[in-house]
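This report concerns only the one structure given below.
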Amino acid sequence: KSVLLVLDNCEHLIEACAQLCESLLRACPKICILASSREALGIAGESAYLVPSLGFPNPDHLPPLDELLLLDAVRLFVERAATAQPKFTLTSQNAPAVAQVCKRLDGIPLAIELAAARVKVLSVEQIAARLDDRFSLLTGGSRTALPRQQTLRALIDWSYDLLSETEQILLRRLSAFIGGWTLEAAETVCADESIESLEVLDLLAHLVDKSLVGMDEFAVEPRYRMLETIRQYAREKLLDSNERDQLRDQHLHFFMQFAEYIEPIL
C-alpha cells in the first residue's frame with residue numbers, strides 16, 4: 001500500500017522508533033513516514049527539517065499594527081489573549097509590550113500561549129515585566145494537555161530529563177555564556193574531572209542534535225547559542241548544583257586570558 005504513517009513525539013523512544021521505521025521502510029517500499037522528535041532518527045533515507053521558532057518583531061523597530069499581526073508569534077499571542085479576555089485587542093499602546101513578550105520568549109509557541117492566558121489578571125506590560133521569573137509566571141495550561149505541556153518548566157523538564165548525566169552537566173555549565181560561545185570557550189570553561197575537554201565536542205553535538213543548542217554556521221568561526229528561555233532554565237540548574245563557584249572562576253580566567261591576548265591587536 002501507499003501509506004503515510006505519522007509518529008508524533010519520538011524523542012523518549014528514539015531508538016525503538018528508529019528501528020521500527022527502518023524495518024517498515026525496508027519491508028514496505030511505498031510507505032512514507034512523518035516523525036516528529038526533538039532529534040533526528042538517524043536512519044538511511046531520512047530528511048530532517050528543523051522547525052523554527054515563530055517569527056517575532058524587533059521591539060525597537062515596530063512595523064504598523066496590520067503588518068505586526070502578520071508575524072506568527074504576535075498573531076498567536078493576540079488570538080490566545082482574546083480567548084482568555086474577549087475584550088483584548090492589539091493597540092498602538094500595548095504593541096511594544098506584546099512584541100517584547102514574543103521576543104523574550106524566543107517565539108516558543110507554548111510559552112506565548114501561557115503568557116497570553118495571563119491577560120485575565122495582568123496587563124501585557126506587567127507580563128513583560130515579570131518574564132525574569134518566567135517559570136513561575138507561565139503556568140496554568142490546558143487541563144486536558146499532557147503534563148509536560150501545562151507549564152513552561154514542565155516542557156523543558158521533559159527535554160532535560162531525557163539527557164544523559166554528562167549532557168545535563170554540560171548544558172547547565174553552558175548557561176554561563178551570554179550571547180553564545182565558541183567550541184574553544186566551551187572546552188576550556190566547562191571541562192573538569194567529570195567532563196574532559198576532549199568530550200565536550202561530542203556532548204555539544206548531542207545537545208545540538210536534541211535542539212537544545214543552536215549553531216550559527218555562517219559565522220567565520222562557528223558559534224553556539226541557547227534560546228534565552230533554555231539558558232535561564234539551565235542557569236537555575238547550575239545555581240542548584242555545587243559547580244557554580246568553580247565555573248565562575250573558570251569563566252573569568254578564560255576571558256581574562258582572551259582579553260590579554262587581543263589587547264595588543266586592538
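Treat the numbers as computed from the prediction; the structure is a model and nothing was measured.
Tyr160 approaches Lys237 most closely through the heavy-atom pair CE2-CE, 3.8 Å. Here the closest heavy-atom approach between residue Thr166 and residue Ser194 is recorded as CG2-O, 4.5 Å. Scanning both residues, Leu122 and Gln126, for their nearest heavy atoms gives CA-OE1, 3.5 Å. The two residues Ala97 and Ala128 have their closest heavy-atom pair at O-CB, 4.3 Å. Closest non-hydrogen pair, Ser53 versus Leu227, comes out as OG-CD1, 4.2 Å. Closest approach of Cys190 to Leu170, counting heavy atoms only: CB-CD1, 3.7 Å.
Within the 4.5 Å cutoff, no side-chain heavy atoms of Val101 are placed close to those of Ile112. A heavy-atom distance below 4.5 Å is not found between the side chains of Thr151 and Leu155. Side-chain atoms of Arg173 and Val189, non-hydrogen and from C-beta on, never get closer than 4.5 Å to each other. A 4.5 Å side-chain heavy-atom check between Leu212 and Leu163 finds at least one atom pair inside the cut-off. A heavy-atom distance below 4.5 Å is not found between the side chains of His253 and Thr188. When side chains are defined from C-beta on, Tyr224 counts as touching Leu204, because their heavy atoms get closer than 4.5 Å. Looking at Leu5 and Cys32, their side chains never come closer than 4.5 Å, going by heavy atoms from C-beta outward. Using a 4.5 Å heavy-atom cutoff, the side chains of Leu114 and Leu110 are in contact.
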Open item on the list: If you apply the rule side-chain hydrogen bond (donor to acceptor under 3.5 Å, both in side chains), what do you find for Arg118 with Ser123, and how did you get there?
Closed with: CA-CA 8 Å; Arg118 288 298 190 188; Ser123 68; over 6 Å; no
- [ ] Decide yes or no on side-chain contact (heavy atoms from CB on, under 4.5 Å) for Arg134 and Gln232, but give the supporting numbers first.
- [x] CA-CA 9 Å; Arg134 64 191 66 188; Gln232 286 196 18; 3.2 Å; yes
Task: salt bridge (Lys or Arg N to Asp or Glu O under 4.0 Å) assessment of Asp72 paired with Arg75 - done: CA-CA 5 Å; Asp72 292 335; Arg75 188 166 68 251; 2.8 Å; yes
TODO: Before giving the answer on side-chain contact (heavy atoms from CB on, under 4.5 Å), spell out for Phe177 and Met226 the whole-Å C-alpha distance, their side-chain angles and the decisive distance to 0.1 Å.
DONE: CA-CA 9 Å; Phe177 297 103; Met226 280 189 275; over 6 Å; no
TODO: Go through the steps to decide whether Phe88 and Phe77 satisfy the test side-chain contact (heavy atoms from CB on, under 4.5 Å), and finish with yes or no.
DONE: CA-CA 11 Å; Phe88 180 86; Phe77 184 94; 3.9 Å; yes
Open item on the list: Applying side-chain contact (heavy atoms from CB on, under 4.5 Å) to Asp133 and Ser136, what does each step give before you reach the verdict?
Closed with: CA-CA 6 Å; Asp133 192 16; Ser136 297; 3.3 Å; yes
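Rounded to the nearest 0.5 angstrom, Leu152 CG and Leu138 CG are separated by 5.5 Å. Note that CG of Leu183 and CE of Met215 are 11.0 Å apart. Values are rounded to the nearest 0.5 Å. Distance check: Leu41 CG to Gln19 CD gives 11.0 Å after rounding to the nearest 0.5 Å. Remark: Glu167 CD to Asp209 CG distance equals 9.5 Å, nearest 0.5 Å. Note: Glu196 CD to Leu203 CG = 11.0 Å, rounded to the nearest 0.5 Å. Rounding to the nearest 0.5 Å places CG of Leu162 at 10.5 Å from CG of Asp157.
Cluster membership check: Leu25 shares its hydrophobic cluster with Val3, using side-chain heavy-atom separations under 4.5 Å among Ile, Leu, Val, Met, Phe, Trp and Tyr. Placement of Leu71 and Phe56 in two distinct hydrophobic clusters is found when ILVMFWY residues are connected by side-chain heavy-atom separations under 4.5 Å, directly or transitively. Under a hydrophobic clustering in which Ile, Leu, Val, Met, Phe, Trp and Tyr are joined whenever their side-chain heavy atoms come within less than 4.5 Å, directly or via other members, Val98 and Leu70 fall into different clusters. Criterion: ILVMFWY side-chain heavy atoms under 4.5 Å apart, direct or through other members. Under it, Leu174 and Leu252 are not part of a common hydrophobic cluster. One hydrophobic cluster holds both Leu131 and Leu76 under the rule that ILVMFWY side chains link at heavy-atom gaps under 4.5 Å.
More than 12 heavy atoms of other residues, nucleotides or ligands shown are found within 6.0 angstrom of CD on Glu46. Heavy atoms from other residues, nucleotides or ligands lying under 6.0 Å from CZ of Arg153 number more than 12. In this structure, Glu67 places its CD atom where more than 12 heavy-atom neighbours from other residues, nucleotides or ligands lie under 6.0 Å away.
A side-chain donor-acceptor contact under 3.5 Å links Gln246 and Gln250. With hydrogens and angles left out, the side-chain atoms of Tyr233 and Arg172 include no donor and acceptor closer than 3.5 Å. Between the side chains of Asp8 and Ser36, a donor-acceptor pair is found at a separation under 3.5 Å.
Salt bridge annotation for Asp132-Arg104: present, with a cationic side-chain nitrogen under 4.0 angstrom from a carboxylate oxygen. Electrostatic pairing of Lys210 and Glu11 does not count as a salt bridge here, judged by no charged N lying under 4.0 Å from a carboxylate O.
Using the six-membered ring where Trp is involved, Phe258 and Phe255 have ring planes that are perpendicular, over 60° apart on the 30 and 60° scheme.
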